[in-house]
Amino acid sequence: MLDKTAVFQMIQTSLFGQALELKSAPDEFTINDSNWRTKAIYEPFLSAYPLPKSGVAIDVGAAYGGFAIPFALAYPSWTIWCFEPDDKAFAALSANISDHKLKNVIAVNAAVGGEGGKPSAALLRALKAKDGEKVKSALAKGPFFQHREKRGYVEAHTPPEFHEEFDQIAFPAFPPEALNELGATLLKITAPGSENNILAAVRDSSIEFIVGELWKPVPSGLTYRSDGVARQVYLPLAGTTLKLRQSRDSLASRAGLDVVVAMYNTAGYIQECIDSIINNSAEDVRAIVVDDGSTDGCGDIVKELYADNPRVTLLRKLNGGCASARNYGRLHSNATHITFIDADDVVDADLYPVLLEIARYSGCELTQGGFAFLHEDENGERRLEPSYEDRDFGHFERQHFGDVPFFVVPNNVLMIGQPTIWRRVYRRDFLDNKKIWFPEHIRAFDDQIFQMLTLLYASDVYCTDKVKYQYRQHPGQDIKQGDERFFYSLEMFRMMLKRGLSEGWNDFDPILQSYVNTVNWIYGGLRPELKPIFIKGAAELWVYMQKALGPGPFRKYGARVFDAVDFAYHAQRCADKLSAYGDSYMWAYLDSKLMHVEMVRGNK
Amino acid sequence: MTKLTCITTTFNDGKALYNSVNSILNQSYENFQYIIVDDGSSDETRDIVSSIKDERVQVIMQANDGVSGARNKGMEHIAGSYVCFLDSDDTRPNWAFQAMVDVVEREDPDLLLCRGTLSELRGDLFPFYDDRVFEIIRNSIGTQPAVQGDPGTQAALRLSQLVEPQPANKLIRTSLIKRNRIEFPNTHFFEDIFFHSNVLARAQKVSFLHTSCFSYFRRYVRPQTTSSSSDLRFDIIPVTKLTLETFEKLPQFHDPYHRAAVVASCFKILEWCEQSISLHYRYHFREAARALLTLINPLFLHFPHDTPDGMEVIRSAEKYIGGLSHA
């Protein structure tokens, strides 16, 4: 029924190629809000993701029709169902439909939400008749909160501390389940507090496009169909930089996270490790356990315990080292996101679900959790030793994602930290695009090159320390052996130098800085008899780097940046031999047996 | 009723091609010819192209000859009175053709430039890179067209040289192309700046559409050819030379602001290429760029002293060129 006495405010708008005039209730809040959303969300979304020629759209929270009216004009072969509970806004919507003589808009003066449940027979009849009035009269009323001044702002749930600003009001409540009866392809949603219910109700509907705004984080899984077919989703989270986004362009056939467990002879730890990965309700987080030719029967343990668990896959291969096991798991992944865990480590039950949520709301190339050192003595007594980050990262400004605080740590800070590639969730398409793999012939410390490359290519990294990875400490860990494997580091830096030259990097300083730190750190931990030849090899590579990159990047590094006293001597000797030759990228291709571990071992 | 032609070239795009093709076939404005040039694909793309059932589609196959050659081949068959392009990994919203035709039928321009949407690597959507240029143009002339010789709209006309040299953002009168024999520079990448500068300098009347009519995607799943560090980046040097050599014969050459805008838009890409090309090639790239300065008309190196609003890029070009010549 048109309210002939209603007072409207006229709005000029331009959307979807339609310049038009619309009526609204005189409510600046709703008008500004709606204008902002059309420009920042709806038009870019429909510009990037064109719709089929015809279809059915649903507009939940239609207000005066800021979205629906231009949509109905630009998409004449579409039908759009509008739901708007507020009487004044609905009067404006009805007037706009009539002004523009639209036959493809069905307006229902109701909220979507409330008790929900199966649609009644009367409601189904009204839907079939496509009659907004009849739909309304088939609905029961449900409680909502309407803002006293911003009348366009209707919420399903309002925290008690805000109740003074709101009137509790009963609106006809359209059960979210009944949205499935509309055969819709597009859902536009502006429904504070009802998002969860609505998205859960239409999870397996025919809807392919979801656009709108969220007022609280909803579990991202609700926007994914349970059969895994991808949708196009774009839902900014109000008041944050986050947006829930999902793309049909992904080549990954599974939306979710694969946790690659590189396992070699860890029978005593593997069950706890796997249980910690799946000890949550996040069905889209799965484990790919790669048995890297173990001899202690840990593969059989996994087979026995998890054969019936769809979240755990066991792969077996000939022994090839940790890098090969991680790559092997990744090659078998079809998921959008991937992470790596060592088979003797443990994670907080929420680590992966939380990181996957942040990844899906941010689109980040990598997202990071916290970590702690896990100590266990002979009696099985455990102690978690906090990492240096608890002390050093406190000052980064915290933002909030629901009740999860997150912050951004500059990539160069992360890069010079301890290699901790395992507490990060990566976009698999990012790793593939940048061709970042664990170099398989590097049998120790291969984390370092992976860490440097991922952080060099990624833009900002969203971190949280609310959930942690527990990094088990052993007396026999690689790092503590002080053997020839440290020489792998030299080769990795030479690989990075060649890559950077070929890709045209403009800043090698992170590499040089890291080289200095690494050489000094290795020199401190290396067995005494290996120290002289290591320093000789390190000095040779440093000279090649200088001749490949020219003197510029090295000016800030004096002769004394290396702890080893004979470093400068070796570097000078090497440089003297080459002094007749000019700088050239060719020098990055020179090599030394001191950059190859087996040659060091076999040819002392 | 205005008939449009849209040209898409494809090379081994596979299923990704559906996004752009469907975005054309589902346009609400239906009176168009759609030319798809398969530039020698060697994969499923060939089957995908030949399976498109729509009488408005015409398919041309050629042995791989590069995107410029493929677009030129498509341009030989334009049947519409206006033509536009859409790359195989971009899309147009359903309203694009209707919105463009509305302007064309109202204003009868030689060229229509429209805004776009940028989908970034993380899937965030933004106005396209040249949003600010469009904003300045709108503030300067409203929604009127800019006309050569009309003092009130000259500034906007020059500024439009600084709109991104994207083929998707323009609808061009077919006769303008035919009469002036405008083509893409065969065998070269970075072809867009040549085409853009040439079309713009020939257009007597340019209209602007402030609605997003295309989307450009940066994706991890599909790396852009032009984002590599390989030797294809050398191509910007000949393309700059061809662009300036062509422009120098046109009347706008004598407008120091328009001239500076052309130089600036070429050298902006050139500088980016220098910063991106493999370090193995960088010395030679710079040498070639310096040689280029001696080959072009010296007037191109004279920049106006003032900086009109929106033309800040001429200052960065001046600085870059200064650095090249004093090296």
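Residue numbers begin at 1 in each chain, while the letters A, B, ... track the order of the sequences.
Here the OH-OH distance, from A/Tyr585 to B/Tyr281, works out to 12.5 Å after rounding to the nearest 0.5 Å. Note that the NZ atom of A/Lys243 and the CG atom of B/Leu125 stand 7.5 Å from one another [nearest 0.5 Å]. Note that CH2 of B/Trp95 and CG of A/Leu15 are 7.0 Å apart. Values are rounded to the nearest 0.5 Å. Note: B/Arg282 CZ to A/Asn506 CG = 4.5 Å, rounded to the nearest 0.5 Å. One finds the CG atom of B/Asp102 at 7.5 Å from the CD atom of A/Gln18 (value rounded to the nearest 0.5 Å). Note: A/Arg248 CZ to B/Tyr18 OH = 13.5 Å, rounded to the nearest 0.5 Å.
Heavy atoms closer than 4.5 Å to chain B are found nowhere in A/Arg428, neither backbone nor side chain. Only the backbone of B/Gln27 has a heavy atom closer than 4.5 Å to any heavy atom of chain A. Only the side chain of A/Ser14 comes within less than 4.5 Å of a heavy atom of chain B; its backbone N, CA, C and O stay farther away. Heavy atoms closer than 4.5 Å to chain A are found nowhere in B/Glu274, neither backbone nor side chain. Within the 4.5 angstrom heavy-atom criterion, no atom of B/Gln98 approaches chain A. Interface remark: B/Phe126 contributes no atoms to any contact with chain A (heavy atom separation under 4.5 Å). Of the two parts of A/Lys434, only the side chain, counted from C-beta on, holds a non-hydrogen atom closer than 4.5 Å to a non-hydrogen atom of chain B. At a 4.5 Å heavy-atom cutoff, the contact between B/Ser212 and chain A is made by backbone and side-chain atoms alike. Of the two parts of A/Gln246, neither the backbone nor the side chain holds a non-hydrogen atom closer than 4.5 Å to a non-hydrogen atom of chain B.
A donor and an acceptor atom, one from each side chain of A/Ser47 and B/Ser215, are located under 3.5 Å apart. For the residue pair B/Arg122/A/Ser459, the side-chain donor-acceptor check at 3.5 Å is satisfied.
Here the shortest heavy-atom pairing between A/Tyr234 and B/Gly123 reads CE1-O, 3.5 Å. In this structure, A/Asn433 and B/Tyr220 approach most closely via the heavy-atom pair ND2-O, 2.8 Å.
Of all the listed residues (B/Asn22, B/Thr91, B/Asn94, B/Leu121), the one sharing the greatest number of non-hydrogen pairs under 4.5 Å with chain A is B/Asn94. Your options are A/Phe45, A/Phe430, A/Trp505, and the one with the most heavy-atom pairs under 4.5 Å with chain B is A/Phe430. Counting heavy-atom pairs closer than 4.5 Å to chain B, the top-ranked of the candidates A/Ala74, A/Ala40, A/Ala548, A/Pro52 is A/Pro52. Counting heavy-atom pairs closer than 4.5 Å to chain B, the top residue among A/Ser362, A/Ala19, A/Gly363, A/Ser54 is A/Gly363.
Looking only at distances, a side-chain donor or acceptor of B/Ser229 sits under 3.5 Å from a matching main-chain atom of A/Ser502. Panel note: side chain B/Asn26, backbone A/Pro50; no donor-acceptor pair is recorded below 3.5 Å. Judged by distance alone, with hydrogens and angles left aside, the side-chain atoms of B/Thr211 form no donor-acceptor pair with the main-chain N or O of A/Phe16 at under 3.5 Å.
No more than 12 heavy-atom neighbours from other residues, nucleotides or ligands sit within 6.0 angstrom of CD on B/Glu55. Atom OH of B/Tyr283 has 12 or fewer heavy atoms from other residues, nucleotides or ligands within 6.0 Å. Annotation for B/Lys319: atom NZ does not count as buried by contact number, only 12 or fewer foreign heavy atoms lying within 6.0 Å.
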Item to complete: Take A/Lys53 and B/Glu30, measure what salt bridge (charged side-chain N to carboxylate O under 4.0 Å, His left out) needs, and give me the verdict at the end.
Response: CA-CA 11 Å; A/Lys53 188 96 188 183; B/Glu30 297 179 324; 2.6 Å; yes
Worksheet item: Should A/Asp429 and B/Arg219 be marked as a side chain to side chain contact (heavy atoms under 4.5 Å, CB included) after you check the CA-CA gap, both sets of side-chain angles, and the distance that decides it?
Response: CA-CA 9 Å; A/Asp429 59 357; B/Arg219 297 183 172 101; over 6 Å; no
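In this pair, B/His280 and A/Tyr589 present their aromatic rings tilted. The plane angle is within the 30 to 60° band.
Using a 4.5 Å heavy-atom cutoff, the side chains of B/Ser119 and A/Tyr49 are in contact.
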